[in-house]
There are 2 protein chains.
Amino acid sequence: MKQSQTPRRTQAERTRASREKIIHSAIEAFARNGFRGAKLADIAKAAGLTEPGLLHHFPSKTHLLMEVLKERDRIDSERMRATLQKNGNQLLEAGIELVKHNQTVPGLVQLFNLLVTESISPDHPAHEFFIERYQRERGHWIQAIVQAQQAGEIRSDISPEALAVLIFAIMDGLQMQWLMEPEKIDMAGLFRVMMNMLKAESGR
Amino acid sequence: MKQSQTPRRTQAERTRASREKIIHSAIEAFARNGFRGAKLADIAKAAGLTEPGLLHHFPSKTHLLMEVLKERDRIDSERMRATLQKNGNQLLEAGIELVKHNQTVPGLVQLFNLLVTESISPDHPAHEFFIERYQRERGHWIQAIVQAQQAGEIRSDISPEALAVLIFAIMDGLQMQWLMEPEKIDMAGLFRVMMNMLKAESGR
DNA sequence: AAAAACTTACCTAATACAAGGTAGGTAAGT
DNA sequence: ACTTACCTACCTTGTATTAGGTAAGTTTTT
């Protein structure tokens with residue numbers, strides 16, 4: 001009745017299981033209430049332990065946040081690059097697939113959306129993280145856009161840099177409205193509409 | 001030395017002045033830290049009074065938030081409708097002007113951006129407010145888009161509803177990147193690029 | 001027109017109660 | 001014998017809100 005919370009044999013396994021559960025709970029909590037709004041106690045409880053129990057694994061709330069972000073970012077960034085490479089010469093299709101996938105994980109989308117806006121304040125713990133993230137991700141896209149323009153897939157009358165910013169803007173903006181009214185906003189559909197406008201034929 | 005904080009003659013004037021100062025300070029504080037992150041004490045201090053002094057005018061923090069939102073919304077909504085009517089038959093130009101104006105008031109932009117994402121949680125005090133706001137504002141734009149399409153100003157191969165969502169998405173998404181790196185992102189310029197794609201000529 | 005009664009704007013002080021983090025212990029695993 | 005995972009208390013700080021008072025402005029009464 002006391003040690004049923006994480007019944008694993010080895011310590012390494014228990015640690016890993018606990019950390020995973022904590023991160024999972026933290027994602028939910030941060031997504032629902034943001035960094036400042038989320039309570040460590042709730043996260044701990046949802047992960048099946050107490051507040052100090054949680055703090056044994058992550059020394060502070062801020063550390064937990066950063067771990068959560070790094071963890072998700074690693075996964076997402078890889079997915080993005082993979083998707084881009086998979087549909088290599090079809091950049092726009094890759095983008096649509098990405099948005100489609102996002103429709104599967106509203107919690108994560110909300111997490112990043114909320115934390116991005118929160119982190120605009122320079123004193124937010126994730127401030128630098130997100131600036132770097134945007135620059136890095138935009139950089140990847142710019143590379144891909146250059147290639148797509150050379151291959152004649154995308155209209156060439158707009159600079160790759162501008163296109164990258166615009167594509168991210170559309171993604172982010174659609175996410176906001178979609179999160180508010182999920183069944184009313186067809187995020188992937190609308191994104192595709194936009195992407196079609198970027199195809200080479202419709203350029204001058 | 002004691003009564004220099006709001007030196008007005010009549011009570012009505014003092015009240016109005018205090019409320020104005022409070023709302024102004026609240027806008028700044030909410031913009032910087034969001035609703036949950038902003039502290040009543042700071043807002044009160046910035047307005048030149050104490051915490052209970054503030055609460056004399058607004059019964060609670062939540063009430064204050066809602067007043068702030070209503071106040072700003074009234075002004076912004078009117079500006080939007082005015083701009084739309086002024087450049088009546090040039091909807092896209094009106095939009096660009098709106099974005100240009102937003103570049104003038106980063107604090108307000110950040111306020112709304114942060115509160116929108118925060119308020120996606122159904123238990124947020126401004127949840128309903130923002131859902132209604134989006135629906136209302138989109139409604140206005142849909143009307144205007146219908147007219148612009150009939151006038152041949154905008155391409156007609158996309159439904160007015162979809163266009164409205166997309167335009168708001170671009171605005172919101174550009175705002176996010178602009179708020180993060182104000183001197184790197186040319187919000188109005190990029191918005192214009194997008195609007196040009198919506199013009200009638202570039203449709204099929 | 002002056003005084004009395006009341007209302008309003010605000011203050012100081014106290015309350016309530018989260019919520020992050022610490023101290024030090026116990027029991028399981030190594 | 002030692003380290004690790006975790007718990008039960010405890011502490012601290014921050015922050016919304018209340019209690020009750022004071023002084024200035026406003027209305028009513030005389």
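Scope of the values below: all heavy atoms of this structure, side chains included, with no hydrogens, waters or symmetry mates. Numbers restart at 1 for each chain; the letters A, B, ... are given by sequence-line order, proteins then strands.
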Could you give the [atom1]-to-[atom2] distance, from [X] to [N], as a whole number of Å?
X     : N      : atom1 : atom2 : value
B/E51 : C/dC11 : CD    : C1'   : 13 Å
B/L55 : C/dC11 : CG    : C1'   : 13 Å
A/L54 : C/dG20 : CG    : C1'   : 11 Å
B/L65 : D/dA16 : CG    : P     : 13 Å
B/R16 : C/dT8  : CZ    : C1'   : 17 Å
B/K39 : C/dC17 : NZ    : P     : 22 Å
A/I43 : C/dG21 : CD1   : C1'   : 14 Å
A/F35 : C/dA19 : CZ    : C1'   : 12 Å

Base paired to C/dT30 (Watson-Crick or G-U; both N/O distances under 3.5 angstrom) = D/dA1

Find the partner of D/dT17: check Watson-Crick (N1-N3 plus N6-O4 or O6-N4) and G-U wobble (N1-O2, O6-N3) distances, both under 3.5 Å, and reply none if neither fits.
-> C/dA14

If you only use heavy atoms from C-beta on, which nucleotide in [options] is closest to the side chain of [X]?
X     : options                : value
B/L49 : D/dT15, C/dC11, D/dT17 : C/dC11
A/P52 : D/dT17, C/dA23, D/dA24 : C/dA23
B/Q11 : D/dT3, D/dT26, D/dT17  : D/dT26

Reckon B/A38 touches a base, only the sugar-phosphate, or nothing at all at heavy-atom distances under 4.0 Å?
-> sugar-phosphate

Across the strands shown, which category fits B/L40 at heavy-atom distances under 4.0 angstrom: base, sugar-phosphate, nothing?
-> sugar-phosphate

Backbone N or O of B/V165 within a donor-acceptor pair of the A/Q177 side chain at under 3.5 Å?
-> yes

Taking A/R79 for the side chain and A/L98 for the main chain, is one N or O donor matched with an acceptor at less than 3.5 Å?
-> no

For the residue pair B/F30 and B/F35, categorise the inter-ring angle as parallel (less than 30°), tilted (30 to 60°) or perpendicular (more than 60°).
-> tilted

Can you tell me if CD on B/E128 sees more than 12 non-hydrogen neighbours from other groups inside 6.0 Å?
-> no

If only side-chain N and O atoms of [X] are considered, is one of them under 4.0 Å from the OP1 or OP2 phosphate oxygen of [N]?
X     : N      : value
A/T50 : D/dT8  : no
B/S18 : C/dC10 : yes
A/H57 : D/dT4  : no
A/H56 : D/dC7  : no

Any side-chain donor near an acceptor of the partner, B/H124 and B/S121, under 3.5 Å = no

Scan side-chain atoms only and decide if A/H63 and A/S60 contain a donor-acceptor pair under the 3.5 Å cut-off.
-> yes

Starting at the 5' end of DNA chain D and moving along, which residue's nearest nucleotide shows up first, B/A12 or B/P59?
-> B/P59

Nearest-nucleotide check on DNA chain C, A/G37 vs B/G53; residue mapping nearer the 5' end is B/G53

